[in-house]
Participant: 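Please see the structure below; I have some questions.
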2 protein chains.
Amino acid sequence: MFKLNTCLVLFNENSIPLKSNFNDKQIQILEVAETLFAEKGFDGTSIRNIAKVAKINIAMVSYYFGSKERLLESLIVYRTSDLKNQLENLLLEDLEPIEKINKLIALYINRINSNRGIYRILHYEFTSKKREQNLQAFSELKKGNLKSLETIIEEGQKKGIFRKDVIIPLITPTILGTFFHFHMNKPFFENLLNLKTEDLYNNYIKTNLTKHIQQTIKALLIYES
Amino acid sequence: MFKLNTCLVLFNENSIPLKSNFNDKQIQILEVAETLFAEKGFDGTSIRNIAKVAKINIAMVSYYFGSKERLLESLIVYRTSDLKNQLENLLLEDLEPIEKINKLIALYINRINSNRGIYRILHYEFTSKKREQNLQAFSELKKGNLKSLETIIEEGQKKGIFRKDVIIPLITPTILGTFFHFHMNKPFFENLLNLKTEDLYNNYIKTNLTKHIQQTIKALLIYES
DNA sequence: AAAAATATTAAACACTTGTTTAAATTAAAC
DNA sequence: GTTTAATTTAAACAAGTGTTTAATATTTTT
């Protein structure tokens with residue numbers, strides 16, 4: 001009588017995303033959900049809320065995704081499926097380690113800033129034990145990203161450019177945490193730094209904030225105390 | 001017939017907290033609310049939920065705080081009222097600038113880590129426009145904290161120890177953001193760094209994470225490129 | 001064009017939400 | 001000890017929650 005189309009990304013044995021076959025209607029729902037989840041949180045957003053904005057019937061969410069929880073899962077898959085590849089391509093480029101780090105930072109910040117919604121959601125919907133099940137795929141992504149960073153830094157250490165007493169897993173928190181904390185306090189910094197328009201705000205992130213993070217990580221990796 | 005005791009902190013013209021006169025019952029409710037809000041978010045926590053854990057009647061929240069929203073306001077007041085003083089005392093200590101910075105970082109991390117709940121709540125319940133009203137008092141706190149940091153860094157710059165091309169308002173995001181991002185991804189790092197018990201986790205924050213942040217900020221402030 | 005599969009709908013489901021009420025209990029004041 | 005005030009309670013309130021159902025409309029396949 002009816003078909004429940006899960007449409008999740010398929011993974012092979014090496015967990016490389018093969019395809020994410022969401023149809024137009026699903027994508028429409030996903031993008032509305034992304035906006036609302038980011039604005040008001042997962043629990044703060046109701047299905048009726050999503051349906052109204054997306055101009056669909058409330059039953060369509062269950063029909064296309066099964067449940068609200070699985071809508072969130074699908075959203076993560078939809079948004080994180082190609083970051084891995086981008087990072088792996090960066091590794092292969094012919095650049096000095098510090099340049100790779102700078103590019104990695106710029107890539108992270110730009111990517112997160114233009115997919116603001118989903119990363120904000122990831123940043124704090126997945127802390128509670130309740131959602132730890134969904135966390136599996138996300139955890140794999142994070143491990144892969146860390147591996148890429150590790151490769152670059154170890155390369156720099158071998159060349160004698162980077163110091164060896166840094167705790168590599170803590171560098172990601174510094175990069176991403178700086179961005180998130182800035183963005184989480186958007187109204188505060190808009191006011192403090194006179195970033196009256198959305199353009200000014202985004203530009204500040206793309207230039208000053210990115211530069212600050214690059215400067216910080218470079219100093220951390222190179223400075224001899 | 002009944003008295004509605006708001007019990008908010010009183011501010012004088014200089015917005016210095018005079019006293020926060022919550023009674024025992026209110027504090028009991030506040031601390032349960034803090035735990036639950038931090039665990040499951042504001043919207044994810046129901047009054048019945050709080051009442052059950054705190055072993056009180058559900059009407060008591062409205063009775064003592066007026067509403068769920070005002071319970072959150074009270075919680076913020078209850079938890080943030082003495083940080084300002086601690087920072088101002090640090091400024092007066094007779095220490096080298098870099099030592100002051102290190103102490104400020106340790107103070108921040110320790111304080112946030114032992115009041116984990118409320119800061120986690122502040123970190124992401126106050127981003128949505130919806131709660132911007134409550135944001136006023138919190139914004140004042142942040143401005144004060146920034147002022148303290150600025151004083152220390154400018155002192156170091158005058159002494160010729162610190163470089164002058166750092167963007168001071170972005171240092172707080174690096175300090176706090178690093179901690180928060182680490183803490184937000186607790187399950188991930190517990191697994192990655194083998195922090196099996198709560199003690200091991202807390203100890204890692206108190207030693208390694210704090211050291212990493214101090215090392216990072218020191219490098220940023222001192223390193224000449 | 002007929003049949004089958006898919007998409008969409010409004011209505012109902014059972015349940016949870018924050019808040020209020022009015023009665024019952026306990027504590028304080030006189 | 002009686003009266004007044006403060007606290008606590010169970011019950012009810014209207015509104016909102018995620019999900020399911022069965023009927024209808026649309027599209028695709030034969």
Side-chain angles (χ1 to χ4, degrees), chain A residues 1-8 21-37 39-76 121 125 128 130-131 133-134, chain B residues 1-8 21-37 39-76 121 125 128 130-131 133-134:
Chain A
M1 230 10 107
F2 76 99
K3 191 197 122 213
L4 205 152
N5 185 3
T6 57
C7 277
L8 290 174
N21 48 350
F22 295 107
N23 65 40
D24 292 359
K25 204 104 224 172
Q26 286 178 304
I27 289 174
Q28 176 196 355
I29 297 170
L30 284 171
E31 296 192 339
V32 169
E34 181 178 29
T35 311
L36 294 180
F37 287 166
E39 245 174 52
K40 323 199 293 172
F42 181 77
D43 291 314
T45 306
S46 71
I47 290 188
R48 280 165 183 80
N49 217 322
I50 296 169
K52 198 171 189 178
V53 177
K55 283 167 192 157
I56 50 147
N57 187 277
I58 53 162
M60 299 307 286
V61 171
S62 293
Y63 179 73
Y64 275 123
F65 299 97
S67 69
K68 191 189 175 190
E69 200 81 22
R70 302 225 303 179
L71 169 63
L72 178 59
E73 286 183 52
S74 298
L75 182 52
I76 289 155
I121 295 161
E125 288 301 344
S128 66
K130 175 174 106 186
R131 297 205 216 292
Q133 355 151 17
N134 318 33
Chain B
M1 230 11 107
F2 76 100
K3 190 196 121 214
L4 205 153
N5 185 4
T6 57
C7 278
L8 289 175
N21 49 349
F22 295 107
N23 63 40
D24 292 357
K25 203 103 221 171
Q26 286 178 306
I27 289 174
Q28 176 196 353
I29 296 171
L30 284 171
E31 296 194 338
V32 169
E34 180 179 31
T35 311
L36 294 180
F37 287 167
E39 245 174 53
K40 323 199 292 171
F42 181 76
D43 291 313
T45 306
S46 71
I47 291 188
R48 281 165 182 79
N49 218 322
I50 297 169
K52 199 171 187 179
V53 177
K55 284 168 192 156
I56 50 146
N57 188 277
I58 53 163
M60 299 308 286
V61 171
S62 292
Y63 179 73
Y64 276 123
F65 299 97
S67 69
K68 190 187 173 190
E69 200 82 21
R70 302 226 301 178
L71 170 63
L72 178 59
E73 287 182 51
S74 299
L75 182 52
I76 289 155
I121 295 160
E125 288 302 343
S128 66
K130 172 175 110 188
R131 300 206 214 290
Q133 355 152 16
N134 319 34

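Chain naming here is simple, since letters A, B, ... match the order of the sequence lines and numbering starts at 1 in each. Note that these values count all heavy atoms, side chains included, but never hydrogens, waters or copies made by symmetry.
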Participant: When the distance from CG of A/Leu36 to P of D/dT17 is rounded to whole Å, what number comes out?
Facilitator: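 From A/Leu36 CG to D/dT17 P: 12 Å.
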Participant: Is it true that a side-chain atom of B/Lys52 and a backbone atom of B/Ile58 form a donor plus acceptor pair closer than 3.5 Å?
Facilitator: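 Not confirmed, B/Lys52 side chain does not pair with B/Ile58 backbone.
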Participant: For nucleotides 9-11 of chain C, which of its nitrogen or oxygen atoms have a protein nitrogen or oxygen under 3.5 Å away, and what is each distance?
Facilitator:
residue	atom	partner	partner atom	Å
C/dT9	OP2	A/Asn57	N	3.2
C/dA10	N7	A/Asn57	ND2	3.3

Participant: If you compare all heavy atoms of A/Ile56 against all heavy atoms of A/Gln28, which two are closest, and at what distance to 0.1 Å?
Facilitator: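 Taking every non-hydrogen atom into account, CG2-NE2, 4.3 Å.
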Participant: Determine whether a donor-acceptor pair (N or O, by modelled atom type, separation under 3.5 Å) exists between the side chain of B/Lys68 and the backbone of B/Phe42.
Facilitator: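 A pair under 3.5 Å: yes.
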Participant: With a 3.5 Å distance limit and no angle check, can you tell me whether A/Thr45 reaches the backbone of A/Leu36 through a side-chain donor-acceptor pair?
Facilitator: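 Checking the backbone N and O of A/Leu36 against the side chain of A/Thr45, a donor-acceptor pair under 3.5 Å is found.
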Participant: Do A/Arg48 and D/dG16 have a side chain to base donor-acceptor pair shorter than 3.5 Å?
Facilitator: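 Checked by distance alone, the answer is no.
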Participant: Between C/dT17 atom P and A/Ile47 atom CD1, what is the distance in whole Å?
Facilitator: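 Going from CD1 in A/Ile47 over to P in C/dT17 covers 16 Å.
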Participant: Side-chain N or O of A/Lys25 versus OP1/OP2 of C/dT8: is the shortest distance under 4.0 Å?
Facilitator: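 Affirmative; the distance criterion is met.
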Participant: With a 4.5 Å cut-off on side-chain heavy atoms, are B/Leu71 and B/Phe37 touching?
Facilitator: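 B/Phe37 reaches B/Leu71 side chain to side chain.
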Participant: Can you find a heavy atom in the side chain of B/Ile29 that is under 4.5 Å from one in the side chain of B/Phe65?
Facilitator: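 The answer is yes, as the side chains (C-beta and beyond) meet within the 4.5 Å cut-off.
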Participant: So, is A/Tyr64 close to the C/dT6 phosphate, meaning a side-chain N or O under 4.0 Å from OP1 or OP2?
Facilitator: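 So the side chain of A/Tyr64 is outside the cut-off, no N or O lying under 4.0 Å from OP1 or OP2 of C/dT6.
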Participant: Compare side-chain N and O positions of B/Ser67 against OP1 and OP2 of C/dG18 and report whether any pair is under 4.0 Å apart.
Facilitator: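 False: B/Ser67 side-chain N/O out of range (4.0 Å or more) of C/dG18 OP1/OP2.
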Participant: Which whole-number value in Å describes the distance from B/Phe65 CZ to C/dG18 C1'?
Facilitator: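 So the CZ-C1' distance, B/Phe65 to C/dG18, works out to 16 Å.
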Participant: When the distance from NZ of A/Lys68 to P of D/dG16 is rounded to whole Å, what number comes out?
Facilitator: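 Going from A/Lys68 (NZ) to D/dG16 (P), I get 15 Å.
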Participant: Output the rounded distance in Å from CD1 (B/Ile50) to P (C/dT19).
Facilitator: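 In whole Å, C/dT19 P and B/Ile50 CD1 are 10 Å from each other.
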Participant: In whole angstrom, what separates B/Arg70's CZ from C/dG18's P?
Facilitator: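 To the nearest whole Å, that distance equals 17 Å.
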Participant: Any side-chain to backbone donor/acceptor pair from B/Lys25 onto B/Met60? Under 3.5 Å, distance only.
Facilitator: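 Such a contact is absent between B/Lys25 side chain and B/Met60 backbone.
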Participant: OP1 or OP2 of D/dT20 versus the side-chain N and O atoms of A/Tyr63: is any pair under 4.0 Å?
Facilitator: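 It does not, given that no N or O in the side chain of A/Tyr63 lies less than 4.0 Å from OP1 or OP2 of D/dT20.
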